Amino acid sequence: MKNKLVQNIVKIKNLAKVYKVDQKELMILKNVSLNINKGDYTAIMGSSGSGKTTLLNIIGLLDTLTKGSYQLFEQEVGCIKENEAAKIRRKKIGYIFQKFNLLPRLKVIDNVCLPLILDGWEKREAKKRGLVMLERVNLVHRADHTPKELSGGEQQRVSIARALVNKPGLLIADEPTGNLDQKSEERVLQFLDELNKEGITIIMVTHSTKVAKYAKKLIYLRNGELSSGQESIYHKLLG
Amino acid sequence: MNLLYYIQNAIFNLRQNLIKSIILIVSMIFAIAPLIIIFGLEKGSNAILYKQFQKLGLDCVQATSPKPINPAIFKYGKYFQAISMDTDTKYINLVIMNKQIPVIIKPVDADYLIFNSFLKITFGSFIRDVDVALNNPVCIIENHISVPKPYLLPPIIGKKIKLNGKYYKIIGEYLNLANLEYQNSVLPQFLIPINSKNYKNIKNIVVKAKNFQYVDASAYLLRSILYRYQRLNTNINIEYNAESIKTTRSILGSIKLGLVIGAIVAFLIGGMGLSNIMLISVRDRTSEIGILKAIGAENKTILLQFLIESCFIGLLGGIFGIIVGVAICFFVSLLIQVELPITLSSIIFSFSAAFLLGVVFGMIPARKAAKMKIVDAIRFD
């Protein structure tokens, strides 16, 4: 009974991803099955080329799968049309990238508002919500600056504000602290921790065990496969 | 996202990439300015040919009938630029200042001057429609070597002269430029308004087509009118210079074809310039496209973004192209002394062409941008 109340955010079964490079097929992910529930804070780890970013991209609907089934927010998205995928990305998912991926030509506030503008919000309303998000990451005083005028840590906080502006159910973070100094790294990780405590599901790719320790669950990928069998892929890092 | 947002974005992007925008607008100018110039050249060459055509009287159609022509056909005058008739002339011996001068009295209508471009009014005025309608006794005399001098000076206006037993008021004087050098061998012609008595003897009628393109249509019309009013089925002879019209049409056709080919080439060159620079712009903004798509932009949003940008450039380039085209036409007109007319239709056509160019040649880069894979675009440096 209790299990039924747990909402599956991500449910992947026998996922495979194949890339074609110079007429050769390269299998990046094979036979990946996993579940991520609402409120989970999951880290995906693995060595370079293990397929962790590819898996994260597929989970975040930035890439498509080759085989298998994938349910996101209890909706089958394995063969979803691009426009529907865009809609889910816009309304339900927030993205934090290693290189921040802010648009350098836009002001900080415009970067934060962008997902709302793309969703058809009035500019004034979007700006209001954007400022609330900047307030949350303590950067409201930088609203009218361009990203270039900000430090790496500040840029990543802006990108977190952008990821949160649409009140997402799932936060996807690809090496969120990869380009940050130690102080900024801790600040960002603490912030992600706070967000998770508020109930936001987070999936993060990292190669650092120190960063992964902030997560409650760990998925380890080796050569495109989950390291420890089929279903029991979660490891408690604690201890 | 609404149109205003796309337009604001397009302006923002154009301002951010100023050099690229300037190159884009210049390539648009290369595409659009020739359209204006070509329109001007086409209209200008038409006007020149038409002028020559008129000078030679090739836009006239002449009808002759063995029986007098019914004057009622003159009410069809509105279908032609002018309509005139030939009537019997009369030779008289005029006595002026105790001198006997043989002159020709020629009844004419108000349009006579239009058909005889070699007649020049030196002073006074020509016979008007009202003079013909009211049968006014007025006359216009020829500046001729055999006419005594006092009759060739402006104070003569208003004086009366007795022609064929009837007094006529002199209203003007004209010079026949065609026989200036051999006035000794021709008699002076005094022109009087054609009247109903003369009408009875009309055997020859000349019409001037409204445009030289309508010469054969005018001939056809004149024939139909004459048949209707004359109730004759034979012997109406219609003459016009069909061969010259054909040649002129073929010359104009060749000019037009050449100009159209020129316009298409300019259009394609400009369009390809626009397309190429937009493709570079798409490449430069690949990572931006990836980010936008990652945070939820749909393919159509990206497509519209670039398409509206290229249309905006098209319209902006169109405005500059039109300005440059008009300026070139103006200076070329001054330089070669031939008017290259700018018409509203040529401006509207060029502006529409600029917009179309933006849509057509902006489509390839816009589609390329819209179809980019997010993961590839976002990693692009």
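Atoms considered below: every heavy atom in the structure, side chains included; atoms not considered: hydrogens, waters and symmetry mates. Here the structure is a predicted model, which means the values were calculated and not measured.
- Both the backbone and the side chain of B:N13 come within contact range of chain A, judged by heavy atoms closer than 4.5 Å.
- Residue A:F73 places its CZ atom among more than 12 non-hydrogen atoms of other residues, nucleotides or ligands, all under 6.0 Å distant.
- Chain B forms the most heavy-atom pairs under 4.5 Å with one residue out of A:R90, A:R89, A:R105, and that residue is A:R105.
- With a 6.0 Å radius and a threshold of 12 heavy atoms from other residues, nucleotides or ligands, A:E84 has its CD atom above the threshold.
- Between chain A and the residues B:E298, B:K300, B:Q16, the most heavy-atom pairs under 4.5 angstrom are made by B:E298.
- Of residues 288-297 of chain B, those residues lying under 4.5 Å from chain A by any heavy-atom pair are B:E288, B:I291, B:L292, B:K293, B:A294, B:I295, B:G296, B:A297.
- With a 4.5 angstrom heavy-atom cutoff, A:I93 does not touch chain B via any of its atoms.
- Within a 6.0 Å sphere centred on CG of A:N223, heavy atoms belonging to other residues, nucleotides or ligands number 12 at most.
- For A:H207, the NE2 atom sits in a loose shell: 12 or fewer heavy atoms of surrounding residues, nucleotides or ligands are nearer than 6.0 Å.
- Residue B:K368 places its NZ atom among 12 or fewer non-hydrogen atoms of other residues, nucleotides or ligands, all under 6.0 Å distant.
- Here B:K373 contributes atom NZ and A:E82 contributes atom CD; the two are 11.0 Å apart, rounded to the nearest 0.5 Å.
- Counted within 6.0 Å of CZ on B:F330, heavy atoms from surrounding residues, nucleotides or ligands total 12 or fewer; the atom is thus considered open.
- Heavy-atom neighbours of B:I19 CD1 from other residues, nucleotides or ligands within 6.0 Å: at or below the threshold of 12.
- Using a 4.5 Å cut-off between heavy atoms, A:N57 contacts chain B through its side chain alone, with no backbone atom that close.
- Counting heavy-atom neighbours within 6.0 Å of A:R129 CZ, excluding the residue itself, gives a total above 12.
- Results of the side chain to side chain contact (heavy atoms under 4.5 Å, CB included) test with B:V375 over A:D63, A:T53, A:T64 single out A:D63 as the only residue that passes.
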